Chemist: 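Structure below; questions to follow.
All values below were derived from every heavy atom in this structure, side-chain atoms included, with hydrogens, water molecules and symmetry-related copies excluded. Just so it is clear, the model here is predicted, and its values are computed rather than measured.
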Amino acid sequence: MTKSTSPAADAGLPAIDRRSLVCGLGTAAIAGVPVTAGAAPMSDDPVFQAMAALEQLKIHAEKRDAAHSIAEDAIFDARIGNVVTFDGEEMRTHEQIDDHFTPAFEDEEQFNRFVERLRPRHLSATERAERDLARHAAHDELVRKEAEIAEVEQRIGFREIEEQKDSAEMAAWDAEYDVMEAKPATTAGAVALLRFVTELMEGLNPDDDEHEHYVEAIRNAADFFERSASA
């Protein structure tokens with residue numbers, strides 16, 4: 001994945017003041033860990049600044065996701081009637097209509113079953129013409145229903161909502177990279193970074209026993225730094 005140069009801008013957010021955001025947002029994971037003498041304040045630690053920006057982008061992404069879910073429900077309701085029925089078979093795409101009238105056979109057995117079904121009589125030229133008209137009518141009906149769905153999508157701005165959701169998610173993913181690439185300026189920042197990476201790795205492979213060894217190693221390092229800072 002290629003990182004964008006400005007996650008906030010990509011998500012449609014104003015510029016983020018990371019220093020002002022960090023108070024109360026980025027320090028939860030390392031509450032109680034004292035800052036060593038001479039270390040930079042937590043608000044100046046790049047790790048906490050990146051974590052604060054990530055928190056805001058996640059909130060924004062959640063809002064966009066909620067809006068997308070509402071729009072998606074409306075589209076789903078509109079698509080319920082997007083079906084034509086012929087010979088007792090429901091068809092939702094033009095390909096299904098064509099396949100119904102000109103079936104493609106996967107194997108000889110399927111072909112034999114089809115022939116057996118038609119064996120009692122042969123279609124006359126008039127009947128074949130009628131079925132051809134029915135085929136075109138099915139296509140026309142499906143086109144009309146597709147146009148209704150397209151009108152609903154345009155009315156609610158579904159494509160724009162979907163693009164905003166994708167952009168917000170991408171910005172949050174980029175911000176996660178920003179956290180992982182941040183260079184800690186405090187012991188607390190180092191601990192928070194290790195905890196952050198641990199949570200990410202646990203989410204990626206929650207049931208992988210071998211993977212858990214790597215997670216445990218990072219967690220042990222975080223515990224050590226935390227104890228050292230408290231000593």
Side-chain angles (χ1 to χ4, degrees), residues 1-72 157-206 211 214-230:
M1 181 189 301
T2 302
K3 289 178 56 181
S4 61
T5 56
S6 177
D10 289 346
L13 288 174
I16 295 174
D17 183 349
R18 294 189 174 188
R19 179 167 182 145
S20 63
L21 286 172
V22 73
C23 296
L25 286 175
T27 58
I30 45 73
V33 179
V35 179
T36 57
M42 287 186 183
S43 60
D44 289 334
D45 193 307
V47 172
F48 294 130
Q49 293 175 0
M51 291 177 72
L54 171 60
E55 183 68 17
Q56 292 301 293
L57 289 169
K58 281 185 175 180
I59 293 172
H60 180 68
E62 288 172 358
K63 292 179 180 178
R64 297 281 69 78
D65 186 64
H68 181 266
S69 295
I70 294 173
E72 204 169 37
F158 181 72
R159 297 305 174 192
E160 292 79 4
I161 292 173
E162 194 166 47
E163 289 175 0
Q164 290 171 2
K165 169 183 171 290
D166 293 342
S167 178
E169 289 179 347
M170 183 69 69
W173 292 337
D174 282 352
E176 287 184 347
Y177 282 105
D178 287 343
V179 174
M180 289 186 286
E181 294 172 0
K183 298 185 184 302
T186 63
T187 301
V191 172
L193 180 58
L194 291 170
R195 301 265 188 233
F196 179 84
V197 175
T198 298
E199 290 180 6
L200 284 183
M201 294 180 69
E202 286 179 322
L204 289 173
N205 296 282
H211 188 79
Y214 300 106
V215 173
E216 188 63 27
I218 298 174
R219 187 182 295 114
N220 289 339
D223 291 343
F224 170 79
F225 283 123
E226 199 166 39
R227 289 194 303 269
S228 298
S230 302

Chemist: Only one of Leu200, Leu54, Val197 passes side-chain contact (heavy atoms from CB on, under 4.5 Å) with Val179; say which it is.
Modeler: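 Of the listed options, the one satisfying the test is Leu54.
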Chemist: Measure across Leu57 and Ala175 and return the closest heavy-atom pair with its distance rounded to 0.1 Å.
Modeler: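 That would be CD1-CB, 3.6 Å.
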Chemist: Applying side-chain contact (heavy atoms from CB on, under 4.5 Å), can you list everything that pairs with Glu202, at least two apart in sequence or on another chain?
Modeler: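 Result, side-chain contact (heavy atoms from CB on, under 4.5 Å) vs Glu202: Thr198, Val215, Arg219.
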Chemist: So which atom in Ala185 and which in Pro46 form the shortest heavy-atom distance, rounded to 0.1 Å?
Modeler: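 So the minimum-distance heavy-atom pair works out to CB-CD, 3.9 Å.
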Chemist: Let me confirm one number: the CE-CG distance from Met51 to Leu193, rounded to the nearest 0.5 Å.
Modeler: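 Rounded to the nearest 0.5 Å, the CE-CG separation comes to 8.5 Å.
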Chemist: Could you tell me which residues satisfy side chain to side chain donor-acceptor pair (under 3.5 Å) with Glu162, sequence neighbours excluded, listed by chain and number?
Modeler: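 With neighbours one apart ignored, the set is Arg159.
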Chemist: Sequence neighbours left out, what passes side chain to side chain donor-acceptor pair (under 3.5 Å) with Asp166? Give chain and number order.
Modeler: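 Here no residue qualifies.
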Chemist: Not counting sequence neighbours, which residues clear salt bridge (charged side-chain N to carboxylate O under 4.0 Å, His left out) with Asp223? List them please.
Modeler: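 Arg195.
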Chemist: Going by salt bridge (charged side-chain N to carboxylate O under 4.0 Å, His left out), name the residues that satisfy it together with Glu169, two or more places apart in sequence or in a different chain.
Modeler: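 Lys165.
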Chemist: Test of understanding: with side-chain contact (heavy atoms from CB on, under 4.5 Å), list the residues that count as partners of Glu72, not counting sequence neighbours.
Modeler: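 Glu72 satisfies side-chain contact (heavy atoms from CB on, under 4.5 Å) with His68, Phe158 once adjacent residues are dropped.
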Chemist: Would you find a donor on one side and an acceptor on the other, under 3.5 Å apart, between the side chain of His211 and the backbone of Met201?
Modeler: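 Such a contact is found between His211 side chain and Met201 backbone.
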Chemist: Looking at residues at least two apart in the chain, or sitting in another chain, which of them share a ring pair (Phe, Tyr, Trp, His ring centres under 6.0 Å) with Phe196?
Modeler: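 With neighbours one apart ignored, the set is empty.
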Chemist: Any idea which heavy atoms bring Val191 and Phe225 closest together, and the distance?
Modeler: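 Where Val191 meets Phe225 most closely, the heavy atoms are CG2-CB, 3.6 Å.
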Chemist: Evaluate side-chain contact (heavy atoms from CB on, under 4.5 Å) for Gln164 paired with His60, printing each intermediate quantity in order.
Modeler: CA-CA 10 Å; Gln164 290 171 2; His60 180 68; over 6 Å; no
Chemist: When you measure from the side chain of Asp65 to the backbone of Ala61, do you find a donor-acceptor pair of N or O atoms at a distance under 3.5 Å?
Modeler: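 It does not hold such a pair.
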Chemist: Taking Asp45 for its side chain and Pro184 for its backbone only, find out whether a donor-acceptor pair lies under 3.5 Å.
Modeler: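 Not at all, since once roles are kept as given, no pair shorter than 3.5 Å links the two residues.
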Chemist: Identify the two heavy atoms, one from Phe48 and one from Ala192, that lie closest to each other, and give their separation to 0.1 Å.
Modeler: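 Closest heavy-atom pair between Phe48 and Ala192: CE2-CB, 3.6 Å.
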